[in-house]
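Order of appearance sets the numbers: ligands from 1, and atoms from 1 within every ligand. The chain is numbered in sequence order, starting from 1.
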Amino acid sequence: MIMIITALLRKGFVFMNIMMSDVGNLVENVERDVVTWRRHLHKNPELSFQETRTAQFVYDTLQAFGGLEVSRPTATSVMARLIGARPGKTLALRADMDALPITEENTFDFASDNPGVMHACGHDGHTAILLGAARILSGMRGELAGEVRFLFQHAEELFPGGAQQMVDAGVMEDVDLVIGAHLWAHMEVGLIAVRAGELMAAPDTFGITIIGKGGHAADPEHTVDSIAVGAQVVTNLQHIVSRQTDPLKSMVVSVTKFVGGTADNVIPGTVELTGTVRTFDPQLREMAPVLMERIIKGVTEAHGAAYEFRYQNGYSPVINNDEVTKLLEESLKEAFGETVVRPALPTMGGEDFSAFQKQAPGSFFLIGAGNGSKGITAPHHHPRFTVDEDALAIGVKAFVAVTRHVLSNA
Ligand code: NI
C-alpha cells in the first residue's frame, strides 16, 4: 500500500514538474514580446483617463492572440474574456495602464516621448505582464474550467479612479475571485510577496483655509496672522497620531501643501493647506475628520481666526481575502518554490484595486522589481523610476500559475 502511494506521489511529482517546466517554456516564448510591449508603453505614456492610444494598443494586441472576446467597458479601458472548455469559476486578473505627470529623467532609448508624462509607477510593466499571461492562457483554453477575465484598467493614479468606473460598467458581474499585482521597487527582483488582510491604506484627502486678517508686517497687532495660526494648526494636527489614536492602529496625517503670502512686508489674510490621511481601520477612518476639525476649530478660535475645512474620502483600503490569498500563495509556491514567496508588509499607499475587491473576494500581491546591482533603486513616482525587466517574466508566470491552479480542477 505504502509502495503504491509512494509510486503515485512520485508520478504526481514528475507530472507536476513537467507542468511547471511547461509553463517555464511558455513564458520564455513570450518574454521577448512582453519586454517589447513594456518598452512601447513606457515610451508612449498617457495620463489617467486619457489612455486612448494605450487602450487601442492593448485592444489590438489582444485581438491578435485569437480566442478572446475583447471589449471596451469604458472609453479608455479594455476587457478580454477567455471562456474555458469546461464550466467553472470566473477569475478576474487586473492590470492598470495609466502614467503620471512627471518629466522622465531616464536616458534609455525607450524613455518617454510624451513631455511631462511618465510611467513612473510600473503600470507599463503591469499591462505588458497581463498581455503576456493572456497570450499564454489563450493557447490553453482546452485545459481551463471556467473563465478568465482580463481587466486592463485606466486611471489608477487619479481619484475617483478607473476601477469603480469599470465595476459600474459591469466587468465584475459573475466574477468569483479577483487577483492583481504591483511591480515593487522596494523589493529585489526574484521575490514575490503576498499577504492576507490589510495591504494598502485608504488614501483620503483634505483642504483647510485659515482665515485671518491681513495687514502690514510691521503692525501685527492690527492683523490676525494666518501664517502663524496655520503653522500652529500643522503642528497640532500631528498630535492626532501621537496622542489621540490607538498606537496599534496605523494612521498617517500629512500636510503636504502650505500656501500663503505675497511679500516680505505683508501679513496675508488667508493661507491654504492641503494634505492626506491614511488609515486601514474603518472606525479610525471615520474619526479622522472629526479629530482634525476639533483641532482646527480650537486653534483658529484661540487666535481669533476662522477656517474652512474640506475632507474627501478616497479609495477604500486594499484588504486581501484570506482564502484567495491562500490559493494565490499555494500556486506561487508551487510555481516558484517556497523561498521566493515572502510575507508582504502593509503600506500606507493607496490602490483602487479595492473597488474590485468589494465585488468579489480578491488578493493583491507584490512582484519584486528593484535591483541594487543594476542601479535600479529609484522609488515609485521618481523621475528615474524603472523596473528590472526580469520581473516581467516572473509576473507572467505568476498569473499563469494562479489561473491554472484556480481553473484546472473545477
Ligand atoms: Ni502604481
Side-chain angles (χ1 to χ4, degrees), residues 37-38 41-42 44-51 54-55 58 76-78 93-102 104 106 112 114 117-131 151-166 178-187 189 191-195 198-205 252 276 278 314-320 344-357 362-370 376-389 391-392 394-395 398-399:
W37 294 329
R38 183 254 164 173
L41 294 164
H42 192 89
N44 298 283
E46 291 175 298
L47 291 173
S48 311
F49 298 105
Q50 301 171 31
E51 307 90 338
T54 304
V58 168
T76 57
S77 65
V78 185
L93 302 176
R94 177 271 208 166
D96 44 7
M97 307 190 288
D98 55 330
L100 286 156
I102 294 175
E104 178 154 14
N106 288 313
S112 173
N114 187 359
V117 183
M118 174 189 177
H119 268 296
C121 197
H123 300 188
D124 49 343
H126 302 165
T127 304
I129 286 170
L130 198 57
L131 283 173
L151 306 179
F152 292 88
Q153 184 207 312
H154 60 303
E156 186 280 325
E157 299 284 3
L158 189 63
F159 187 79
Q164 188 58 50
Q165 291 189 340
M166 289 187 80
V178 57
I179 288 175
H182 209 297
L183 289 164
W184 211 237
H186 311 293
M187 189 164 63
V189 67
L191 297 176
I192 297 176
V194 299
R195 178 183 174 87
E198 297 172 345
L199 184 72
M200 297 177 111
D204 301 334
T205 54
V252 171
T276 182
R278 307 290 170 114
Y315 301 148
S316 296
V318 173
I319 314 270
N320 285 335
L345 290 173
T347 131
M348 300 312 279
E351 239 293 348
D352 73 345
F353 181 74
S354 51
F356 299 119
Q357 287 177 303
S363 195
F364 194 69
F365 68 103
L366 307 174
I367 301 165
I376 300 173
T377 56
H380 293 262
H381 297 205
H382 187 281
R384 280 194 295 280
F385 175 84
T386 189
V387 297
D388 186 325
E389 287 178 330
L392 303 177
I394 293 171
F399 276 119

- Task: Return yes if some donor-acceptor pair links the side-chain N/O of Asp124 with the main-chain N/O of His119 below 3.5 Å, else return no.
- Result: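 Not at all, since once roles are kept as given, no pair shorter than 3.5 Å links the two residues.
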
- Examine distances only and state if a side-chain atom of Asn106 and a backbone atom of Phe385 form a donor-acceptor pair shorter than 3.5 Å. yes

- Item | Atoms of type N/O/S from protein, distance to the Ni ion (ligand 1) below 2.8 Å |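 My tally for this metal is 3.
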
- Task: Could you tell me the separation between the CG atom of Leu183 and the NE2 atom of His126, rounded to the nearest 0.5 Å?
- Result: 4.0 Å

- Message: List the residues meeting ring-ring contact (aromatic ring centres under 6.0 Å, His included) with His154, not counting sequence neighbours, and say none if there are none.
- Response: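 Partners of His154 by the ring-ring contact (aromatic ring centres under 6.0 Å, His included) criterion, ordered by chain and then number, come out as Phe49.
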
- Of all residues at least two apart in sequence or in a different chain, which pass the ring-ring contact (aromatic ring centres under 6.0 Å, His included) check with Phe399?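 In terms of ring-ring contact (aromatic ring centres under 6.0 Å, His included), with neighbours along the sequence ignored, Phe399 is linked to Phe365.
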
- Pairs touching residues 152-163 that satisfy salt bridge (charged side-chain N to carboxylate O under 4.0 Å, His left out), sequence neighbours left out: none

